[in-house]
Amino acid sequence: MKPITIRDPTKLSSHISTAAKNTEALIIQALDKIPDMKTLNKLHSRIISHPNLHSDTSLAIKLMRAYSACGKPDITRKVFDRMPQRNNVICNVMIRSYVNNNYYREAIMTYKNALASGVNPDHYTFPCILKACSSMTDSRLGLQIHCSAVKKLLHRALFTGNGLIAMYGKCGNLVKARQVFDEMPVKDIVSFNSMVAGYSQNGRFDEAFEVCKEMVSLGVKPNPGTMASLSPAVNNTTFENVTFVKNIFLDMPKDEIVAWNVMIAMYSNNSMSSDAINLYTQMEACGPEPDAITIASVLPPCGDLSALSLGKRIHKYVETKLSLPDLAVENALIDMYAKCGCLKDARKVFDKMIAKDVVSWTSMISAYGRSGKGREAKELFSRMRAFGIYPDSIAFVSILSACSHAGLLDEGRNYYESMTAEFKLVPRLEHFTCMVDLLGRAGRIDEAYNRIKNMPMEPNDRVWGALLSACHVYNNVDIGVIAADRLFELAPHQSGYYVLLSNIYAKAGRWKDVDLIRSIMKEKRIKKIPGVSNVEMGDRVHTFLAGDRSHPQTDEIYLELDVLLGRIKEIGYIPKVDGSLHDVEAEEKENLLVVHSEKLAIVFAMINSEPGVQIRITKNLRVCEDCHVAIKFISKVTEREIVVRDTNRYHHFENGICSCGDYW
DNA sequence: TACTGACCTA
């Protein structure tokens, strides 16, 4: 920089002020760029040491803004405290600094002090302080601010109005929120989004959708914020609503992750697992980088569909791209592996976790439970207790069902006892289902039935369903009929229950009743669900029906199946032909004799994978007795671990033994 | 005179 030469002493002061102006301009320029802390500290010292600048309000404001942006509201406060005069602008900056850094209590204090010292809040102050009220759900102050805004005729101003809607929404006062919303002469997308958020956060999902539809009809295009606001309302919703959300998603920019996340979660929570996975793959290809929320939303669908290769790819992504530990993600990984039948991988994730919550423990316990590994489930439950974690209602559901899957009658009773006596948890419907299942599987049909009769709430179809299956296993026709009667009322279109009752009659030789059931099914047009088995190979899922001959490799599959059946017959397999078969209609008989889908799927997997590789099958019905025996033998002769997931449990076949202990 | 702004994912 050139030295300033002073020729005329009379111009001295003007030179100084020019220099000061230059310095000030430079500092302002630097401050406006939001410098890092180091530069910021330097600039700050220059300002303080400068005789003309240290009390300059506009510089102080810029300085405060910069400190706030660096996440230092405490230093902002020091600058604020040193200023001799406070007007509304500098107070606004101070309050905003607090609010933007989540120091809501301090923001509110500052606001109150400013009011006390005669500072007038304005249209900058209201939106900001309302955000603090929302975050603290301080409805008293919220109301006061509403009154001040009315006095200043600012309550209908766009930003203040939006803040009021949000504040009332958070505080649960939807009447007020709606009133402000309706009275605003000009609304923008944030007004609509805030109204949507208010309704959906308070469980008023229909109204949330209504506002969304209203904004669309008024020509206001929903944005990713709309999706986020609607988010609580999209779980377990109607097909119509799902379609609506899908359409607004298709019609908006795809660069914001929240929109994708809400879509994936919506599919996941509406039993549309394959849609969730498809959208996720699309996101990988052309969307924003998935974050922890994306991952926690897409892993459950992976588990549902047993999409292990995708699940593993996501696990790698988690390890390379996400910042761990993240409880939600790790818990979701455990559950995904468990649902894919990979208990060891689930356990690996579990053991690696630095912090575990009750969900982590519960996921692992129920993973063992569903596989019939009652001992492991019990052990984890006591270890969880030893870690000082309190089991919640769901933890008891998983340990109770673990006991029932493993036939641990007394242990199950004890857990139930401690749940009510020690942990003071009120038994819910799910616990009764578990208990009925536990007693029923152990052959205590009467006791199970009595439990149902003494339930404090109305039993649902799952409770009666547990009783009916028990009656099927233990040939109890009388109680079976009672259970079936209730089920035909509660779930008249579930073909499974008709089939169960029909089988109960067949076992008892009551063929007239079997015919009766069959004619009822015909009359009501209830069709048996055909058995389907899925097996994942590479990136594809291959599906087999009973007697399926549509697969390209079908000849090879049947040939290999014959060879395999021959081999297992040599070591003792006797095909189990049901005794009731002789009295079954011809068509039915044929159905029972065709090769079941799980056998086809297993042979297919065997042909197409390396020896020793684990085979995983998912089935939409329960595995039949004959297949169960056959698969045990197959696991022995081929030295393969075979995991079959049926509708309510896992069978891990290894070396001729199944993890269910033939108890299912 | 100066200060930005708000709604939201599990």
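A note on names: the letters A, B, ... follow the listed sequences, proteins ahead of strands, and every chain is numbered from 1.
- The OH atom of A/Tyr168 sits 16 Å away from the P atom of B/dC7 (whole-angstrom rounding).
- Nucleic acid contact for A/Ala296: none, since no nucleic acid atom lies under 4.0 Å from a heavy atom of the residue.
- Relative to the side chain of A/Phe159, the nucleotides B/dC3, B/dT9, B/dA6 differ in distance, and B/dA6 lies closest.
- Residues satisfying the side chain to side chain donor-acceptor pair (under 3.5 Å) test with A/Lys170, not counting sequence neighbours, are none.
- Ion pairing between a basic and an acidic side chain is recognised when a charged N comes within 4.0 Å of a carboxylate O; A/Arg86 and A/Asp81 show such pairing.
- The side chain of A/Lys62 places an N or O atom within less than 4.0 Å of a non-bridging phosphate oxygen (OP1 or OP2) of B/dC3.
- A heavy-atom distance below 4.5 Å is found between the side chains of A/Val242 and A/Thr237.
- Cation-pi geometry between A/Lys131 and A/Tyr104 is not met at under 6.0 angstrom from the ring centre and within 45 degrees of the axis.
- Across all strands, A/Asn88 comes closer than 4.0 Å to no nucleic acid atom at all (heavy-atom distances).
- Rounded to an integer number of Å, the gap from CG of A/Leu130 to P of B/dA6 is 12 Å.
- A/Thr57 comes within 4.0 angstrom of a nucleotide base, judged by non-hydrogen atoms across all strands.
- Remark: C1' of B/dT9 and CD1 of A/Ile248 are 14 Å apart, rounded to the nearest angstrom.
- Nucleotide B/dA10 holds its C1' atom 15 Å from the CG atom of A/Leu230, rounded to whole Å.
- For A/Arg385, the CZ atom is densely surrounded, since the number of other residues' heavy atoms within 6.0 Å is greater than 12.
- One interatomic measurement links the two molecules: CG of A/Asn223 to P of B/dA6, which rounds to 14 Å at whole-angstrom precision.
- Of the listed nucleotides (B/dC3, B/dC8, B/dC7), B/dC7 has the atom at the smallest distance from the side chain of A/Ala166.
- Side-chain proximity of A/Ile293 to B/dG5, B/dC7, B/dT9: nearest is B/dT9.
- For A/Phe209, there are no ring pair (Phe, Tyr, Trp, His ring centres under 6.0 Å) partners at least two apart in sequence or on another chain.
- Going from atom NE2 of A/His123 over to atom P of B/dA2 covers 11 Å, rounded to whole Å.
- Scored by the side chain to side chain donor-acceptor pair (under 3.5 Å) test, A/Asn173 finds no partners at all (sequence neighbours excluded).
- Rounded to whole angstrom, the span from the CZ atom of A/Phe126 across to the P atom of B/dC3 amounts to 20 Å.
- Checked options A/Asp188, A/Thr226, A/Ile189; the residue passing with A/Val220 is A/Ile189 (criterion: side-chain contact (heavy atoms from CB on, under 4.5 Å)).
- The side chain of A/Ser231 lies closest to B/dA10 when the candidates are B/dA2, B/dA10, B/dA6.
- Considering only the side chain of A/Val89, B/dC3 comes nearest among B/dA10, B/dC8, B/dC3.
- Within residues 169-206 of chain A, the residues having any heavy atom closer than 4.0 Å to DNA chain B are, in order of number, A/Lys170, A/Asp188, A/Val190, A/Asn193, A/Ser194, A/Ala197, A/Gln201.
- For the side-chain contact (heavy atoms from CB on, under 4.5 Å) test with A/Asn92, the passing option among A/Thr110, A/Ile129, A/Asp122 is A/Asp122; the others fail.
- Contacts with DNA chain B (heavy atom under 4.0 Å) in residues 314-328 of chain A: none are found.
- The side chain of A/Asn261 has B/dT9 as its nearest neighbour among B/dT9, B/dC8, B/dA6.
- Closest to the side chain of A/Asp291, out of B/dC3, B/dC7, B/dT9, is B/dT9.
- Residues satisfying the ring pair (Phe, Tyr, Trp, His ring centres under 6.0 Å) criterion with A/Phe381, sequence neighbours excluded, are A/Phe396, A/Tyr415.
- A/Met263 has its CE atom 21 Å from the P atom of B/dC8, to the nearest Å.
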